Asks: 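The structure that follows is given in the form of structure tokens.
Just so you know, ligand 1 is whichever comes first in the structure, and atom 1 is the first atom listed for that ligand. We use all heavy atoms of the structure for the numbers below, so side chains are in, but hydrogens, waters and symmetry mates are not. Source: prediction; values computed, not measured.
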Amino acid sequence: MDCEGLAKQWLSAAFEAVVPGCGGGKVVPSKDTRFGDWQCNDAMGIAKRAGKNPRALAEEVIKALPLPEILEKVEVAGPGFINLTLSNRALAAGVESLSDDPHLGIPQSGANEKVVIDYSSPNVAKPMHIGHIRSTVIGNAIDRILRALGYLVIADNHLGDWGTQFGILIMGYRRFLTDDERANLTVELLEKVYVQSYNATKEDPVWLDTCREELVKLQAGDEENLAVWKRFIDISLGEFGRIYDRLDVSFNLYRGESYYQPMLEPVVETLKEKGLATLSDGAWIVDMKDEGLEVAIVRKRDGGFNYTSTDIATVKSRTEEFDPARIIYVTDDRQQLHFKQFFAICNKLGFCTKAALQHVPFGLMRLPEGTFSTRQGNVIKLETLLDEAAARARKIVDESHPDWTEEARAALAEAIGIGAIKYADLSHDPATMIVFTWERALALEGNSGPYLQYANARLNSLLARYYAETGRKPKDNPLFITGDAEKALALHLLQYPNAVQRAGDLCKPSVLADYLYQLSQLYSSFYQSSPVLKADLAVRDCRIRLCDAVSKVLRGGLNLLGIPTPERI
Ligand code: ARG
């Protein structure tokens, strides 16, 4: 068990000895480390309930059992706070075992549990725009964090590959493209003809009818239309794939909405049989007044199904096939009502007795006016944003490494650019909206991706220099904690497993980003106050062991956020 676990265990036993069944003994990192490393605030509440004096109770608790070896001292302060100070020996041992553990102490709390994460999920035949970046980046970080906690993650890209737009698209494709354009099809062309064809439906009723007919043919399995539709998907997946490669994102499944089409009719039938769906104005709806929600349509007046019916069928299919403990959806917060509605319907249907359905809504990312211009002037495409990031990072790299090869400079610029964008996103609570600025995202100082990447690269070179000078591996050295800066750093290292667990439980990668930023700040104060390579040999050897642990945690943590960690910057 780790130090914190042991401290809790001792304190809980002590509370139990004094007030049986009270459940006290929770410890949290101290707000003010001058008084201790951790504190327990339970005595106040328990004393109140037991009609005791809180300070006297706290005193009684800390004397109830002999102090365990891991603690140096335990004191009562103020109205009854219990302050615990860890022994330096235990702290050092804790850091040693964390850094020797292949999981870096991360509890395998998700072992044997499956989780489905539905993220990115762009719509076919449309370019991914800046709004999709958050779903992809946040979803992928949650994916990585849950895998690190031992979960069996099924990352599913729920492509928007079905719907009424395909009739319009097929017509646009046939009538507005040249042979040459059809042969060299791109998502950009598809988007263009979609708009043209859509406008034509507004002006020309015959056009509208033809689009409807083409859609009906597609839905009925017409071979020619199916082939065109598949082509749209292939072209889109090719372009999305390029972006996923750049972002180092991969999925276990690409199951678009079309996959669930055969299941829609039976799902709506079940809703009718159970008396949950009723006919209203020709459409089938589920009344959700009892949930305080608006009515949800599950089958439209024209007989078509919709986003809601598709998502209900998707839950059914996923639960039957995978029996997951959680199904997590990462989308922008404008879809909140949709998720509340179909979650409630799934509950009514009893589809998810085990699976917890969880929506992780995020606010939009926007650029301050005028910083970014697109030819179209409105929607910012994800790929353009990534290109711009790499180009800006390239300027920094060119200045600092004029002697590097073209290839090496391009690779580093890409890593910094992608890292900057990802971190600018992940360092905010997903629920908040972000105003993205290049200055902040690419800053080498402050809470930015490049700052953390730089800290990691500096640690690498420190460790490499140590190895070159001594031929020793840090792991062979014992760790002793002497100064305050070392102690603060070591205590923070011990919090890593907690940070990862919390980030995973809350689906907030920002918890981990905050943790890593603090770690690099603590490291930087340690490094300023405590020489490493120039210190006395014994001190040097033990400090490098601590640096090695920081390096492992920083690299491991950045990896869980999906942020590249170039060796040298
Ligand atoms: N395709 C949708 C969009 O671009 C997101 C789908 C999210 N997943 C889901 N199961 N509803 O907005």
Asks: Got a salt bridge between Lys348 and Asp290, using NZ or NE/NH1/NH2 to carboxylate O under 4.0 Å?
Replies: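 Judged by the 4.0 Å cut-off on N to carboxylate O distance, Lys348 and Asp290 do form a salt bridge.
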Asks: In ligand 1, which numbered atoms sit nearer than 4.0 Å to a non-hydrogen atom of Asp118?
Replies: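 It comes down to these atoms of ligand 1: 7 (C), 8 (N), 9 (C), 10 (N).
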Asks: For ligand 1, does Asp311 get within less than 4.0 Å through its side chain, its backbone, both, or neither, judged by non-hydrogen atoms?
Replies: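 The answer is the side chain of Asp311.
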Asks: What atoms of ligand 1 come within less than 4.0 Å of a heavy atom belonging to Thr331?
Replies: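 Reading through ligand 1 atom by atom, the close ones are 7 (C).
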Asks: N/O of Asn123 under 3.5 Å from N/O of ligand 1, yes or no?
Replies: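 The answer is yes, given that Asn123 and ligand 1 share an N or O pair closer than 3.5 Å.
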Asks: When you compare the side chains of Thr384 and Asp387, does any donor N or O come within less than 3.5 Å of an acceptor on the partner?
Replies: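 No.
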Asks: Check the pair Tyr260, Phe305 against ring-ring contact (aromatic ring centres under 6.0 Å, His included), reporting the backbone distance first and the verdict last.
Replies: CA-CA 11 Å; Tyr260 303 95; Phe305 299 97; over 10 Å; no
Asks: Which ligand 1 atoms, with their elements, are less than 4.0 angstrom from a heavy-atom of Tyr329?
Replies: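 This gives 10 (N) as the contact atoms.
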Asks: Is there side-chain contact between Tyr329 and Gln335, with heavy atoms separated by less than 4.5 Å?
Replies: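 No - every pair of side-chain heavy atoms lies 4.5 Å or more apart.
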Asks: Near His158, which atoms of ligand 1 are under 4.0 Å from a heavy atom of that residue?
Replies: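 Going through ligand 1 atom by atom, the ones under 4.0 Å from His158 are 8 (N), 9 (C), 10 (N).
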Asks: Give the numbers and elements of all ligand 1 atoms closer than 4.0 Å to a heavy atom of Tyr307.
Replies: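 Answer for ligand 1: 2 (C), 5 (C), 6 (C), 7 (C), 9 (C), 11 (N).
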Asks: Hey, are the side chains of Phe232 and Ile170 touching, using non-hydrogen atoms and a 4.5 Å cut-off?
Replies: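 They are in contact (side-chain heavy atoms under 4.5 Å apart), so the answer is yes.
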Asks: Could you tell me, atom by atom, which parts of ligand 1 come under 4.0 Å of a heavy atom of His132?
Replies: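 Counting atoms of ligand 1 from 1, those under 4.0 Å from His132 are 4 (O).
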Asks: For atom 2 (C) of ligand 1, which protein heavy atom lies nearest, and how many Å away is it?
Replies: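 Nearest protein contact, heavy atoms only, for atom 2 (C) of ligand 1 is Ser121 O, 3.5 Å.
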Asks: State whether a side-chain donor-acceptor pair under 3.5 Å links Asn559 with Arg555.
Replies: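 The criterion, which ignores hydrogens and geometry beyond distance, is not satisfied for Arg555 and Asn559.
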Asks: Of all the non-hydrogen atoms in the protein, which one sits nearest to atom 12 (O) of ligand 1, and at what distance?
Replies: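 Of the protein heavy atoms, Gln335 NE2, 2.9 Å lies nearest.
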Asks: Evaluate the side-chain proximity of Gln108 to His103: yes if any heavy-atom separation is below 4.5 Å, no if none is.
Replies: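 Yes, side chains in contact.
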